[in-house]
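Note sheet for the following structure.
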Amino acid sequence: MTMIRMSNIHKYFGSLHVLKGVSLEVNKGEIVSVIGPSGSGKSTLLRCMNQLEKIDGGILEIEGLVVEAAGNVGVKVSASQQQVRDTYRKMGMVFQSFNLFPHMTALENVIEAPITVNKMAKTDAVKIAERQLAKVGLLDKKDTYPSKLSGGQKQRVAIARALAMDPDIMLFDEPTSALDPELVGEVLGVIKKLAEEHMTMLIVTHEMGFAREISDRIIFMDNGEILEDASPKEFFEKPRHPRIKTFLEKML
Amino acid sequence: MDHLDYVLKILPFILSGLKLTAKIYVATLIFALPLGLLAAIGKVTGPKIIKSILFLYTWIWRGTPLLFQLFFMYYALPVIGIRFSPFVAATVAYVLNYGAYLTEIFRGGIESIEKGQYEAAKALGMTYPQTMRRIIIPQTVRRVLPPICSEAVNLVKDTALLAVVGMPDLLRIATQIFTRDFNIIPFIVAFVLYLIISSVLVKLFGKLEKMHSIYE
């Protein structure tokens, strides 16, 4: 089943053409890593998927629903506003800068959306939140405010917060880029756990070893275009594009 | 002992003045705080017409003296047939003036919240009103607490302007007793009372700020 289908997506920031007709499909249970130099449009690609950025052209389908269509593409958004909202609700996002709510404890961060958005009873939300915090190994920190957590702990709470909404798809936007090197492992460990549960994931990352280990596919972006979409083995062992070769030489 | 007797004799009058000062003070805070918060939300998120009106409001009320605004309420409006009781006129003048300053404080607070907070809320499926109510405003209130507390202490001192428009507040009563008795003691009593009130408030607000900074 196709979870995400992007067709010929264009995105501009002013006169800057950031995504130049990107097409991409992600199937259920697939783990796709997006890599490439900075400024290549990786994060923008991810942010277009959950409406943090509006697309300027192309079609975006999520779980079979056209949720966004822009430009002269001959397709209209087929879903109702409510359907579109429900679809986005099933998409979790983890940010480079964590974006935890600083005025709430770890537990309050995690129960916020189930209560406010899904109108869940507080006792049920707490049960779910405690399960998710246990999963990321931070149940003992549930009453701690984000300011008292390390970067790695913050990011794990952020992952628990996204998981509490029971997402079908998880988007990771450079989840370890803001972390001290010794804290990267704990966050990657949690993502690996999700991989074992066959969560559908899109991960923008600079962690080459990690991407190679857990991904089903690697997408390489450069200058607003997808240059390569291949299995990790193919991608790392025989990169076809000279740009990828130079990039990998610099990274590894 | 004569002095003490004198103080005890004038104290009931002075305290009646203090009572009026306190009433205006509390009424101003009760109305100006919500006014400031709502106007700030309007200024940040409202449609263009609301933004323009609010711009005019804060521009005019912050750009003219509070004493002028009091005079205007007291003397100018009745000339064109708009009359309030002295208490209402004074309260409205203070609320509008402090509301304008608080609007700008709250606006600055709202705008200082990182973009990532809005994005995280949106990614979790929260609507814009939910995001404001649950995420942005609570953080704003904690962040602007120090400037708001300092405004609240300023207000204690600004209430003394009531004396100028003839309302029997703490300062005016003290002045009246002074003119009657030609004795400096009523001024000293008023001085001590002002100082005690503002010091207690500073202390209280300091505690409040500490309580709300646990997460920083």
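Lettering follows sequence order; numbering is per chain, from 1. In this text, all values refer to a predicted model and were calculated from it rather than measured experimentally.
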| message | Looking at B:F191, I'd like to know if its CZ atom is crowded, meaning that more than 12 non-hydrogen atoms belonging to other residues, nucleotides or ligands lie closer than 6.0 Å. | response | no
| query | When you look at CZ of B:F71, are more than 12 heavy atoms from neighbouring residues, nucleotides or ligands closer to it than 6.0 Å? | reply | yes
| field | Exercise: identify the closest heavy-atom pair between A:V117 and B:Q130 | value | CG2-OE1, 4.2 Å
| message | Can you confirm whether more than 12 heavy atoms, excluding those of A:E197, are under 6.0 Å from its CD atom? | response | yes
| request: Heavy atoms only, distances under 4.5 angstrom: which of A:E112, A:M165, A:R85 has the most pairs with chain B? Name it, please. | output: A:E112
| How many angstroms lie between NZ in B:K122 and CE in A:M93, if you round to the nearest 0.5 Å? | 11.0 Å
| Heavy-atom closest contact (A:F101 atom, B:Q117 atom, distance) | CD2-OE1, 3.2 Å
| field | Under 4.5 Å from a heavy atom of chain B, the part of A:R47 involved | value | side chain
| query | A:S97 versus chain B, heavy atoms under 4.5 Å apart: side chain, backbone, both or neither? | reply | neither
| query | Which value, rounded to the nearest 0.5 Å, describes the distance between A:E53 atom CD and B:E119 atom CD? | reply | 7.0 Å
| query | What do you reckon, is NZ of A:K119 surrounded by more than 12 foreign heavy atoms closer than 6.0 Å? | reply | yes
| query | Has B:F31 got more than 12 heavy atoms of other residues, nucleotides or ligands less than 6.0 Å from its CZ? | reply | no
| query | Are the side chain of A:N50 and the backbone N or O of B:A123 linked by a donor-acceptor pair below 3.5 Å? | reply | no
| message | Could you measure the distance from the CD1 atom of A:I115 to the CZ atom of B:R134? Nearest 0.5 Å is fine. | response | 7.5 Å
| request: Spell out, as yes or no, whether a donor-acceptor pair under 3.5 Å connects the side chain of A:H103 to the backbone of B:T140. | output: no
| task | For residues A:A113 and B:L124, report the shortest heavy-atom separation together with the two atoms involved. | result | CB-CB, 3.8 Å
| request: Measure distances from A:L100 to the heavy atoms of chain B and classify the residue's part below 4.5 Å as side chain, backbone, both or neither. | output: backbone
| field | Heavy atoms of other groups near B:K19 NZ, more than 12 under 6.0 Å | value | no
